[in-house]
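Have a look at the structure below before the remarks.
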Amino acid sequence: MEGSLLTPQSSYDPQVCIGHRIINETIQLKLKECLTHIRTQLDNVVDFWLKHSHDTVHGGFFTCLGKDGHVYDEMKYVWLQGRQVWMYCRLYRTMGRFCKPEILEAAKTGGEFLRKNARVLGSSNPWKCAFCLTRDGRAVKVQRSIFSECFYIMAMDELSRVTDDKDLQLEAEQMMEQIIYWVRVDSSGLGRPSLPGDVPTNSMAVPMMLLCLVQQLTEGREEAVTQKYKELGNWCVEQILQHIQRGGTAILENVSVNGEELPGCQGRLQNPGHALEAGWFLLQYSAMWGDDNLQKTAINKFVELPYQNGWDKKHGGLFYFLDVDHHCPTQLEWNMKLWWPHCEALIAFLMAYSQTKKPELLERFYQIYEYTFKHFPDNDSGEWYGYLTQEGKVALDFKGGPFKGFFHVPRSLFMCECILTDLLAKHN
């Protein structure tokens, strides 16, 4: 056995062994500290939303919550309704301390509100969901995209798992078929007119979201369900990998349907948080199918690269948007530090480390961890601020709004707690 510790080529050195043990013990201590803090944060975030967000009159959830949790707008956003149902169900189903009747009941009433109100009455397509509803569930706005429907699927499938309601699972799979048709066959049902100057685009958000749904619908299901969505999952991966551009030096948010760079601001746009989220989606998929090459690509191109390009070396934190040619992005909030990219970065680097044990990935996780927990949590009123200036100061002090709900923060904390728990169990 060439290179074995028992051969002269690598003789036993007690000092080296002691050094390795000290390093391992140091890592364990740091991971335990992170786990304890993350667990406390998750408990506090869950308590905040349980206390402030439930509409006990009409069902569903308020998401426009001020600094102290007061409701400043009663509009209800279908994306966020579905996300909150999913998050409550996932916590209830997988973490013993959240297996509480009040969480299950909130998830069930949230699901009932969605089933009753999310689909647009009188629409030419019975599966089309609204984006925004009044407090009592009347449609206000519809988006010409698939994302309200996607979060409806996540909610129904996860709710089916905690209630054992097969009708909910069937409904989720039926809506999934409609989304696949819109994306891969005919998008006219979304309501977008065909315009002569509109170039067909592969926006990374679409295959990312579909890959997320593939993983949701197949998790723990019988082999037939896994095989049913295997081709779609592989297609999603292929579409996501098209966003590796500029000779492998950049992830671009939008490319042509043939995987080529688009002209102008749209083509040069980078979204580091989105790329990092795609990274851990790909890591999960690579682990599911034992694909080592995909794992390597996910880490090198969708985890490390967005961090390298997106980290603010002067003030810390991740920029929201960037232009690959270093023009000023046209998005007014481009240099702000938002909550959700940092949530995705925590998951991505910790998951990458858990799969490879490469110390540089753990160091990146620590760096993002330190910035995130120093700047975003509100230790006085609870929950996290969502929008910081480039320098890391609070720009907007509300805790929830049309786009920030009970999702990115608790999902990140939940997933990091699970990964850390698993890592420490293996260390022991």
Side-chain angles (χ1 to χ4, degrees), residues 199-209 211 234-286 291-331 333-338 340-353 355-356 358-365 367-368 371 390:
V199 178
T201 301
N202 171 5
S203 172
M204 192 162 65
V206 172
M208 276 179 60
M209 194 67 238
L211 184 61
N234 291 337
W235 178 86
C236 292
V237 170
E238 292 172 2
Q239 295 293 303
I240 293 170
L241 296 183
Q242 286 186 352
H243 292 264
I244 304 172
Q245 296 287 323
R246 300 289 180 99
T249 64
I251 304 297
L252 301 182
E253 187 72 7
N254 305 296
V255 296
S256 76
V257 293
N258 297 319
E260 299 172 351
E261 186 172 334
L262 296 167
C265 297
Q266 181 187 31
R268 297 193 304 268
L269 184 66
Q270 294 179 288
N271 184 332
H274 236 181
L276 285 156
E277 186 177 19
W280 69 260
F281 286 4
L282 294 172
L283 283 174
Q284 284 191 321
Y285 197 73
S286 69
D291 191 333
D292 293 339
N293 289 330
L294 180 59
Q295 180 197 70
K296 185 181 296 184
T297 299
I299 293 173
N300 292 342
K301 302 303 181 184
F302 288 88
V303 179
E304 293 188 298
L305 188 60
Y307 165 84
Q308 292 164 6
N309 292 337
W311 189 259
D312 183 344
K313 295 174 178 59
K314 181 177 180 181
H315 299 289
L318 291 162
F319 288 112
Y320 193 25
F321 292 110
L322 293 169
D323 183 296
V324 70
D325 286 336
H326 308 293
H327 299 291
C328 180
T330 57
Q331 291 80 9
E333 72 276 32
W334 74 269
N335 64 347
M336 291 178 69
K337 311 296 168 58
L338 271 64
W340 71 263
H342 296 80
C343 290
E344 305 308 326
L346 289 171
I347 299 170
F349 275 99
L350 191 59
M351 187 180 293
Y353 171 73
Q355 292 187 11
T356 66
K358 291 183 178 180
E360 62 269 24
L361 297 172
L362 187 58
E363 287 304 312
R364 293 285 185 255
F365 168 77
Q367 183 181 25
I368 296 160
Y371 180 88
Q390 181 177 356

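- Between atom CH2 of residue W311 and atom CG of residue L318 there is a gap of 5.5 Å, rounded to the nearest 0.5 Å.
- Annotation for S256 and Q242: closest pair O-OE1, 3.9 Å, computed over non-hydrogen atoms.
- Contact between A250 and Q270 at its shortest, heavy atoms only, is CB-NE2, 3.6 Å.
- At least one donor-acceptor pair under 3.5 Å links the side chain of K301 to the backbone N or O of G248.
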Problem - H274 vs W340, side chain to side chain contact (heavy atoms under 4.5 Å, CB included): CA-CA, chis, key distance, verdict - result: CA-CA 9 Å; H274 236 181; W340 71 263; 4.2 Å; yes
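- For the atom pair CG of L211 and CH2 of W235, the computed distance is 10.5 Å after rounding to the nearest 0.5 Å.
- Closest approach of L276 and A345 over heavy atoms only: CD1-CB, 3.8 Å.
- Here the CG-CH2 distance, from L322 to W334, works out to 7.0 Å after rounding to the nearest 0.5 Å.
- Here the CG atom belonging to L362 is positioned 7.5 Å from the CG atom belonging to L350, to the nearest 0.5 angstrom.
- Taking the side chain as every heavy atom from C-beta outward, T297 and I244 approach each other to under 4.5 Å.
- Across all non-hydrogen atoms, the minimal contact from G279 to V303 is CA-CG2, 4.2 Å.
- Contact annotation: the side chain of E277 never approaches that of I347 to less than 4.5 Å [non-hydrogen atoms, C-beta and beyond].
- A heavy-atom distance below 4.5 Å is not found between the side chains of Y285 and D291.
- Heavy atoms only, all atoms of each residue included: H342 and I368 are closest at O-CG2, 4.1 Å.
- When side chains are defined from C-beta on, E363 does not count as touching F349, because their heavy atoms never get closer than 4.5 Å.
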Practice task
Report the C-alpha distance between Q331 and Y320 in whole Å, list the side-chain angles of each, state the deciding distance to 0.1 Å, and finish with yes or no for side chain to side chain contact (heavy atoms under 4.5 Å, CB included).
Solution key: CA-CA 9 Å; Q331 291 80 9; Y320 193 25; over 6 Å; no
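- Atoms OH and CG, from Y371 and D312 in turn, are 7.5 Å apart once rounded to the nearest 0.5 Å.
- In this structure, K314 and Q390 have side chains that are not in contact, with every pair of non-hydrogen atoms separated by 4.5 Å or more.
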Exercise for the section: List the steps and the verdict of side chain to side chain contact (heavy atoms under 4.5 Å, CB included) for M204 and V255. Expected result: CA-CA 8 Å; M204 192 162 65; V255 296; over 6 Å; no
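- One finds a salt bridge joining E261 and R246 here, because a Lys/Arg side-chain nitrogen approaches an Asp/Glu carboxylate oxygen to under 4.0 Å.
- Using modelled atom types, one finds no donor on one side chain facing an acceptor on the other under 3.5 Å when comparing Q266 with N254.
- The distance from atom CZ of F319 to atom CE of M336, rounded to the nearest 0.5 Å, is 12.5 Å.
- In this structure, the side chain of K358 does not engage the main chain of Y353 through any donor-acceptor pair within 3.5 Å.
- Although no hydrogens or angles enter the test, the distance criterion places no donor-acceptor pair under 3.5 Å between the side chain of Q245 and the main chain of E253.
- By the neighbour-count criterion of 12 heavy atoms within 6.0 Å, atom NE2 of H327 is densely surrounded, having more than that number from other residues, nucleotides or ligands.
- At least one side-chain heavy atom of F302 sits under 4.5 Å from a side-chain heavy atom of L241.
- Across every non-hydrogen atom of I240 and L282, the tightest pair is CG2-CD1, 4.0 Å.
- L252 has its side chain out of reach of R268: every pair of non-hydrogen atoms, C-beta onward, lies at least 4.5 Å apart.
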